[in-house]
Number of protein chains: 2
Amino acid sequence: MFSKACEYGIKAVIHISLQSQTGKRVSLKEISGAIDSPLAFTAKILQSLAKSNIIESSKGSVGGYHIPEDVQSKLTLYEIVIAIDGDNIFERCGLGLRQCNETSPCPIHSKFKIIRENLIDMMKKTNLLELAISVDKGESVLVI
Amino acid sequence: MFSKACEYGIKAVIHISLQSQTGKRVSLKEISGAIDSPLAFTAKILQSLAKSNIIESSKGSVGGYHIPEDVQSKLTLYEIVIAIDGDNIFERCGLGLRQCNETSPCPIHSKFKIIRENLIDMMKKTNLLELAISVDKGESVLVI
DNA sequence: TCTTAATTGGACAAAATTATCCGATTTAGG
DNA sequence: CCTAAATCGGATAATTTTGTCCAATTAAGA
């Protein structure tokens, strides 16, 4: 469904969120350890997330990544996924037709549309803060 | 969502289905022309679909592929996708956790589960015959 | 000012997916 | 028997995704 990059990205962002709530900045090393992802690859993902202003990064000896608390409750899963994988999974025709639409639909168009709308709806309604809270409470986990 | 191989596979199977209704066998060349897919790659996909008994193939000068009519109404999208892509999209954790389940779920587990159940349900309910009929009626298309 | 610890950016490598090529095999029909 | 037209199977190539390496840059603090 999501790319590996996106999976790592979502987990990373949740972990950063979690730590940001205590005011801490988190380093790449800590993140990649916490979410069990390849360090250098994770660096690339965080780099691009920083560029698209999903997370804030600061260089230097006490640098790291963080996400302001007020942003956490506004940032949705939808936006995070778009930032990493683009809108392909939300837009692309299920059978790969270049111009699949209502007037000239692929055979699974309408059925697919329903599923996809549910997915989009769910992702737009899910914000980062609630994901972080669920991990914080121990209701869900980021590894194994 | 689906791999390219799967997209081609689904379209191919629909086209074969369509032609099988008039008793015709279809050749690889015709299929790849009809669905606008790379010929040699399509050959590989059809080969594997034949091995998993989704379609029937026959060699020789008047050979080709076909799907018996009684099979068409029984064969679901779910089975076709499984045959090509495996059950990954139906089973794999949304965040890639190796053992994500009710007792130790990833942060999006429950929300994802609902979407996925809808998807599985839809695909199990969609049979090949109805897809072929919709193309036959001109209600949907396999190209552009 | 120097050291240390952090991100950044570019080049590169490995793996997976997608795609191609070609010879072998099969089968119908002249 | 021979030819034509089809699938099969194996090797290989191209592309994309995933992952690594290393030097450059930044910033705090002793």
Side-chain angles (χ1 to χ4, degrees), chain A residues 1-13 15-16 19-20 24-67 81 84-86 88-89 92 95-96, chain B residues 1-13 15-16 19-20 24-67 81 84-86 88-89 92 95-96:
Chain A
M1 180 78 97
F2 302 135
S3 68
K4 279 277 180 193
C6 200
E7 289 177 3
Y8 296 147
I10 294 169
K11 287 190 276 190
V13 158
H15 182 75
I16 296 168
Q19 299 302 313
S20 293
K24 275 208 303 181
R25 281 169 184 283
V26 226
S27 72
L28 167 62
K29 211 200 280 194
E30 199 210 297
I31 295 166
S32 119
I35 68 173
D36 188 28
S37 66
L39 188 134
F41 189 41
T42 307
K44 296 297 182 197
I45 299 161
L46 294 177
Q47 202 176 150
S48 99
L49 284 174
K51 270 190 188 156
S52 41
N53 297 307
I54 300 286
I55 63 181
E56 288 181 16
S57 74
S58 50
K59 292 169 118 184
S61 132
V62 292
Y65 303 94
H66 85 120
I67 306 175
V81 170
I84 303 173
D85 277 352
N88 247 13
I89 56 164
R92 192 166 193 281
L95 296 185
Chain B
M1 181 78 95
F2 301 135
S3 68
K4 279 274 181 194
C6 200
E7 289 177 3
Y8 296 147
I10 294 169
K11 287 190 277 190
V13 157
H15 182 74
I16 296 168
Q19 299 302 312
S20 292
K24 275 208 301 181
R25 281 170 183 281
V26 227
S27 72
L28 166 63
K29 210 199 284 191
E30 199 210 299
I31 295 167
S32 119
I35 69 173
D36 187 28
S37 67
L39 188 132
F41 189 42
T42 307
K44 295 297 182 198
I45 299 161
L46 294 177
Q47 203 176 149
S48 100
L49 284 173
K51 270 191 188 157
S52 42
N53 297 308
I54 300 285
I55 63 180
E56 289 182 15
S57 73
S58 50
K59 292 170 116 183
S61 133
V62 291
Y65 302 94
H66 85 120
I67 306 175
V81 170
I84 304 175
D85 277 351
N88 248 13
I89 54 165
R92 191 166 194 282
L95 296 185

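Note on naming: letters A, B, ... go to the chains in the order of the sequence lines (proteins, then strands), and numbering restarts at 1 for each one.
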Quiz item: Looking only at side-chain N and O atoms, does A:K51 come under 4.0 Å of OP1 or OP2 in C:dG9?
Solution: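 Yes, such a contact exists.
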Quiz item: Does A:Y8 make a side-chain N or O approach to OP1 or OP2 of D:dG19 shorter than 4.0 Å?
Solution: yes
Whole angstrom is fine here: how far is it from [atom1] in [X] over to [atom2] in [N]?
X	N	atom1	atom2	value
A:K59	C:dT4	NZ	C1'	15 Å
A:K44	D:dT18	NZ	C1'	12 Å
A:R25	D:dT26	CZ	P	17 Å
B:I45	D:dC8	CD1	C1'	15 Å
B:L39	C:dC22	CG	C1'	13 Å
A:F41	D:dT17	CZ	P	10 Å
A:I31	C:dT7	CD1	C1'	11 Å
A:E56	C:dT7	CD	P	14 Å

Quiz item: Do the non-hydrogen side-chain atoms of B:V26 and B:H66 ever get within less than 4.5 Å of each other?
Solution: no
Quiz prompt | B:S57 side chain, from C-beta outward: closest of C:dA19, D:dA27, D:dT7 | solution =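 Given the options C:dA19, D:dA27, D:dT7, the side chain of B:S57 is closest to D:dT7.
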Quiz item: If you look at every strand shown and take non-hydrogen atoms under 4.0 Å, does B:L28 touch a base, only sugar-phosphate, or nothing?
Solution: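 Counting heavy atoms under 4.0 Å across all strands, the contact made by B:L28 is with sugar-phosphate only.
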Quiz item: Which is it for A:R92 and B:E7 under the side chain to side chain contact (heavy atoms under 4.5 Å, CB included) test, yes or no, and what are the steps along the way?
Solution: CA-CA 12 Å; A:R92 192 166 193 281; B:E7 289 177 3; 2.3 Å; yes
Exercise. State whether the side chain of B:S20 and the backbone N or O of B:I67 hold a donor-acceptor pair below 3.5 Å, judged by distance alone.
Key: yes
Exercise. Hey, which sits more toward the 5' end of DNA chain C by its nearest nucleotide, B:D85 or B:S58?
Key: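 In this pair, the answer is B:D85.
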Practice problem: Please determine, by modelled atom types, if A:S37 and A:T42 share a side-chain donor-acceptor pair under 3.5 angstrom. | Solution: yes
Quiz item: Where each residue is assigned the nucleotide of DNA chain D containing its nearest heavy atom, which of A:A40 and B:Q47 is assigned the position nearer the 5′ end?
Solution: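 Per heavy-atom nearest nucleotide, the more 5' residue is B:Q47.
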Quiz item: Which sits closer to the 5' end of DNA chain D, B:G64 or A:S3, going by the nucleotide each is nearest to?
Solution: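 Of the two residues, B:G64 wins.
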Exercise. Only one of B:I84, B:I16, B:L46, B:L49 passes side chain to side chain contact (heavy atoms under 4.5 Å, CB included) with B:I54; say which it is.
Key: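 Answer after filtering B:I84, B:I16, B:L46, B:L49: B:L49.
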